[in-house]
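For reference, the structure discussed in these notes is given below.
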Amino acid sequence: PTANAGAALSAICQSGTSAAMGGSVGGSATGGTWTGGAGTWTNATNASTATYTAGASETGSITLTLTTSGGSCGTTTATKSITVNANPTISATTPASRCGTGTVALGSTASAGTINWYAASSGGSSLGTGTSFTTPSIAATTTYYVDATSGGCTTASRTAVTATVNANPTANAGAALAAITQGATSAAMGGSVGGGATGGTWTGGAGTWTNATNVSTATYTAGASETG
């Protein structure tokens, strides 16, 4: 039996699939089977069309072996190697936030290669490249995504980076208050807060406040000598 491993193979990435092996068997051999590597084979018993898919963590030079079968004169083998290049990884991300509508500066680093920014977790065109990305003006919290490409290999998946938009605080003092006399207490303030505010406090005057941190029900008691 004879075995020919075929021409050299181009390098692939982790989880990538090779070109067809292009091998052949002859002499008394009636078939052949490809083996080797930590990945998976497709059509391994077809010496010519078999392909190899690298494992997700497999890197370096991998030896692939074609072993003949059939006939009455034993078996023989032929080998060749394929190089599996590592996929880059996203090593860190820097989300950011702002108050109100505007741009947000985000960041990311990778183990190697060029960082690409996207608006979706898959598909779509790159919005920009590099370790930093400034969003367009946004009015609501928006998630962007990054991957990295190095030597033709790309990270297995994109990583989310969030640009948070917090609402600006708002305050409303409520309706006008009726006049009071010295030492007297006002009606409830009737105020309100909104937007990004979670509370409010009333201040002012030389008198005293009751429930000053309740913007709606707070009342003011004028000082005994306070006028105007």
Side-chain angles (χ1 to χ4, degrees), residues 7-22 36-42 50-64 80-172 192-200:
L9 295 167
S10 298
I12 58 176
C13 304
Q14 288 173 318
S15 299
T17 299
S18 70
M21 292 292 115
T40 57
W41 287 91
T42 301
T51 57
Y52 178 71
T53 300
S57 59
E58 193 172 23
T59 60
S61 179
I62 311 300
T63 299
L64 310 177
K80 62 181 175 181
S81 63
I82 187 169
T83 299
V84 179
N85 293 322
N87 294 331
T89 57
I90 297 298
S91 50
T93 60
T94 307
S97 63
R98 67 164 295 118
C99 292
T101 299
T103 63
V104 180
L106 306 175
S108 179
T109 57
S111 61
T114 300
I115 295 173
N116 308 289
W117 294 84
Y118 298 90
S121 60
S122 63
S125 300
S126 173
L127 302 175
T129 60
T131 56
S132 62
F133 171 71
T134 300
T135 72
S137 181
I138 54 176
T141 296
T142 304
T143 300
Y144 294 87
Y145 299 86
V146 289
D147 66 19
T149 302
S150 177
C153 298
T154 302
T155 48
S157 61
R158 294 177 186 173
T159 299
V161 189
T162 301
T164 301
V165 177
N166 297 311
N168 284 319
T170 62
N172 186 319
S192 62
V193 296
T198 58

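When a residue number appears, it is its place in the shown sequence, counting from 1.
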So Val161 and Trp117, side-chain contact (heavy atoms from CB on, under 4.5 Å) or not? Walk me through it. CA-CA 9 Å; Val161 189; Trp117 294 84; 4.0 Å; yes

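- A donor-acceptor pair under 3.5 Å is absent between the side-chain atoms of Thr53 and the main chain of Gly39, judged by distance alone.
- At least one donor-acceptor pair under 3.5 Å links the side chain of Trp41 to the backbone N or O of Gly36.
- Ser18 places a side-chain N or O within donor-acceptor distance of the main-chain N or O of Tyr52, the cut-off being under 3.5 Å.
- Sorted by first and then second residue, the pairs that involve residues 135-154 and meet salt bridge (Lys or Arg N to Asp or Glu O under 4.0 Å), not counting sequence neighbours, are Asp147-Arg158.
- Proximity of a side-chain donor or acceptor of Tyr118 to a complementary backbone N or O of Gly124 within less than 3.5 Å is not detected.
- With contacts defined as side-chain heavy-atom distances shorter than 4.5 Å, the pair Thr164/Pro95 does not qualify.
- The salt bridge (Lys or Arg N to Asp or Glu O under 4.0 Å) pairs that include a residue from residues 88-110 number zero, where partners must be two or more places apart or lie in different chains.
- The shortest non-hydrogen separation linking Leu106 to Ala96 is CD2-N, 3.6 Å.
- The main-chain N or O of Val165 is found under 3.5 Å from a side-chain atom of Thr141 such that the two form a donor-acceptor pair.
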Would you list the atom pairs, donor with acceptor, under 3.5 Å between side chains in residues 80-94 and any protein atom, with sequence neighbours excluded?
unit_1, atom_1, unit_2, atom_2, d
Lys80, NZ, Ala5, O, 2.9
Lys80, NZ, Ala7, O, 2.6
Lys80, NZ, Met21, O, 2.6
Asn87, ND2, Gln14, O, 3.1
Thr89, OG1, Ser111, OG, 3.4
Ser91, OG, Thr109, O, 3.2
Ser91, OG, Thr109, OG1, 3.0

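- In terms of heavy-atom proximity, Ala148 sits nearest to Ala112 at CB-O, 3.9 Å.
- Looking at every heavy atom in both residues, Ala120 comes nearest to Tyr145 through C-CD1, 3.3 Å.
- The shortest non-hydrogen separation linking Gly200 to Val193 is CA-CG1, 4.3 Å.
- The heavy-atom pair separating Asn116 from Thr114 by the smallest distance is ND2-O, 3.5 Å.
- Shown here for Ile115 and Ser108, the closest heavy-atom pair between the two residues is CD1-O, 3.2 Å.
- Between the Thr135 side chain and the Val104 main chain, a donor and an acceptor come within less than 3.5 Å of each other.
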